[in-house]
Amino acid sequence: MTTVSPFTVEGRSSECGARYGQLSTLHGTVQTPVFMPVGTQATVKAMSPENLIDAGAQIILGNTYHLFIRPGHELIRSLGGLHRFMHWDRPILTDSGGFQIFSLQELAEISEEGAAFRSHLDGSRLYLSPEDAVHIQEALGADIMMALDTCIPYPADYDTARRATALTARWARRCRNVQKNSTGQHLFGIVQGGMFPDLRLEAIEQLMETGFDGYALGGLSVGEPKELMYEILEATTAHLPEDHARYLMGVGTPEDLVEGVYHGLDMFDCVMPTRNARNGMLFTSRGRVVIKNACFQQDHRPVDENCECYTCRHYSRAYLRHLFQSREILAYQLNSIHNIHYYCTLMKEMRTAIREDRFLAFRRAFYQQRA
Ligand SMILES: COC(=O)c1ccc(CCNc2nc3cc4nc(N)[nH]c(=O)c4cc3[nH]2)cc1
Ligand SMILES: [Zn+2]
């Protein structure tokens, strides 16, 4: 089925697959390539919406699974939807639960109908069908909804991957069929296929047959070796529809983002910048800074001299180390502000580099600075 794509490519690198574009949503237009901070429980941990905007965040990610369990999608709907609930009036993408259900617990039971699993909060038995997942995301008011998929763990044998991929394609069609086309919300399909390029190409064909507003590569960043992930990216990215947004789920490090953009991907999400911030690991243009390291005890410099974020403008490494050693709440806030600002600035620099057709030079300088 041909669909009108809410994504437009504004320009391409003449040297590689990189491109920059715009994704229009109910809550505004997103400039791509874009990184989405993860806000699993209706908050990007330790950051207010104002902190997020100041750090350059355009769109954030929420989780159907977590919000369905607590506080419940009907409560959020009754309070005006997720945007109003969390005071974020820019775009929100919600993941469908495919990853949380299948990878965070062995007890999930998949049937043709849907997934039976246990709440990670109280162990109660829960059930999600593809239709339920769409209804929940419609209730939340997500600008971009994700189809319910079965995220294939790593490693998985060919037959397991083949069966799960086929089921994911059938579930994706059920999601598309039940979607109310009046809400203006987008629905993205998710490509599985394990580490088998032929299964992935087949999955892409089947999803395109159904027709989605964007296409995600799932089943990666699930414990496979990094080079295997890149092998899959090389074999599949160019086969995703060129005129639709391409989203790599759960990725990744700054290096992964540069390589993903190089291959022509447009959207990314990962808990890394916020989770590492809370563990005292800060990203900089010269590499990583582990703030609890004693070498920073008297270091008056900012985390990153090239960074304009609130944290780097006002605080020294010595102070951030003191806060972290003291388990002060401000440590998690200031570290998260810096890391999210770093990720969003990296994406902005890549958008500019592509627009000026100097992406490969940008990529070389990026690695040289970290050497
Ligand atoms: C400090 O850093 C960390 O703790 C940390 C933790 C987990 C990841 C891996 C995240 N990977 C990942 N997220 C994912 C989310 C997904 N959602 C759906 N619906 N389907 C998928 O197929 C899928 C695959 C993923 N892979 C990366 C980093
Ligand atoms: Zn900073």
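Every number for a ligand or one of its atoms is a count from 1 in the order of the listing.
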Point to revise | Heavy-atom donor-acceptor pair, Asn279 side chain to Asn276 backbone, under 3.5 Å | key: no

Practice item. Give a rough value, rounded to 10 degrees, for the angle at the Zn ion (ligand 2) between atoms ND1 of His338 and SG of Cys307. Key: 110°

Practice item. Can you spot which of Gln137, His83, His186, Gln185 makes a side chain to side chain contact (heavy atoms under 4.5 Å, CB included) with Asp143? Key: His83

Practice item. Check whether the side chains of Glu50 and His87 place a donor and an acceptor atom closer than 3.5 Å, and report yes or no. Key: yes

Check your understanding: Which atoms of ligand 1 sit under 4.0 Å from any heavy atom of Leu220?
Key -> 12 (C), 24 (C), 25 (C), 26 (N)

Check your understanding: Would you call the rings of His263 and Tyr230 parallel, tilted or perpendicular, where under 30° means parallel and over 60° means perpendicular?
Key -> parallel

Check your understanding: If you measure from the Lys or Arg side-chain nitrogens to the Asp or Glu carboxylate oxygens, is any gap between Arg12 and Glu242 under 4.0 Å?
Key -> yes

Revision key, fill the gap. Near Asn276 (heavy-atom distance under 4.0 Å), the atoms of ligand 1 are 1 (C)

Exercise for review: If you have a sec, work out which protein heavy atom is nearest atom 3 (C) of ligand 1 and how many Å separate them, to one decimal?
Suggested key: Val271 CG2, 3.6 Å

Practice item. Taking only heavy atoms of Ser221 into account, list the atoms of ligand 1 that are under 4.0 Å away from them. Key: 9 (C), 10 (C), 11 (N), 12 (C), 26 (N)

Practice item. Show which atoms of ligand 1 fall inside a sub-4.0 Å distance from at least one heavy-atom site of Asp149. Key: 18 (C), 19 (N), 20 (N), 21 (C), 22 (O)

Check your understanding: What residue and heavy atom of the protein are closest to atom 19 (N) of ligand 1, and at what distance?
Key -> Asp95 OD1, 2.8 Å

Practice item. Determine whether the side chain, the backbone, both or neither of Val251 has a heavy atom under 4.0 Å from any heavy atom of ligand 1. Key: neither

Exercise for review: Looking only at non-hydrogen atoms, find the nearest pair between Leu207 and Gly189 and report the distance.
Suggested key: CD1-C, 4.0 Å

Point to revise | Lys/Arg-Asp/Glu bridge criterion (N-O < 4.0 Å) met for Arg162, Asp198 | key: no

Study note, to complete from the structure: Note: ligand 1 atoms sitting under 4.0 Å from heavy atoms of Ile190 are 19 (N)

Point to revise | More than 12 heavy atoms of other groups within 6.0 Å of Glu305 CD | key: yes

Revision key, fill the gap. Here the vertex angle at the Zn ion (ligand 2) for SG of Cys309 and SG of Cys312, given to 10°, is 110°

**Study point:** Contact check: Gly97 vs ligand 1, nitrogen or oxygen atoms, below 3.5 angstrom
**Key:** no

Review point. Starting from atom 4 (O) of ligand 1, which protein heavy atom do you reach first, and at what distance in Å?
Key: Arg275 NH1, 3.0 Å

Review point. Would you call the rings of Tyr310 and His314 parallel, tilted or perpendicular, where under 30° means parallel and over 60° means perpendicular?
Key: tilted

Check your understanding: Going by the order shown, which atoms of ligand 1 are within less than 4.0 Å of some heavy atom of Cys270?
Key -> 27 (C), 28 (C)

Study note, to complete from the structure: So the atoms of ligand 1 within less than 4.0 Å of a heavy atom of Ser96 turn out to be 19 (N)

**Study point:** For Gln192, the ligand 1 atoms whose distance to one of its heavy atoms is below 4.0 Å
**Key:** 20 (N), 21 (C), 22 (O)

Review point. Heavy-atom contacts under 4.0 Å between Met272 and ligand 1: side chain, backbone, both, or neither?
Key: both

Point to revise | Candidate pair Thr150 and Thr168, rule side-chain hydrogen bond (donor to acceptor under 3.5 Å, both in side chains), full reasoning | key: CA-CA 6 Å; Thr150 63; Thr168 291; 2.9 Å; yes

Practice item. Measure the distance from atom 10 (C) of ligand 1 to every protein heavy atom, then report the residue, atom name and distance (to 0.1 Å) of the closest one. Key: Gly250 O, 3.5 Å

Point to revise | Proximity flag Met146 to ligand 1, non-hydrogen atoms under 4.0 Å | key: no

Review point. With only distance considered, is Gly219 within less than 3.5 Å of ligand 1 through an N or O on each side?
Key: yes

Review point. Do His322 and Glu328 come within less than 4.5 Å of each other through their side chains, counting heavy atoms only?
Key: no

**Study point:** Option set Phe99, Tyr65, Tyr154, criterion heavy-atom distance to atom 14 (C) of ligand 1, minimum
**Key:** Phe99

Practice item. Would you confirm whether the ring centroid of His120 sits within less than 6.0 angstrom of the ring centroid of Tyr65? Key: yes

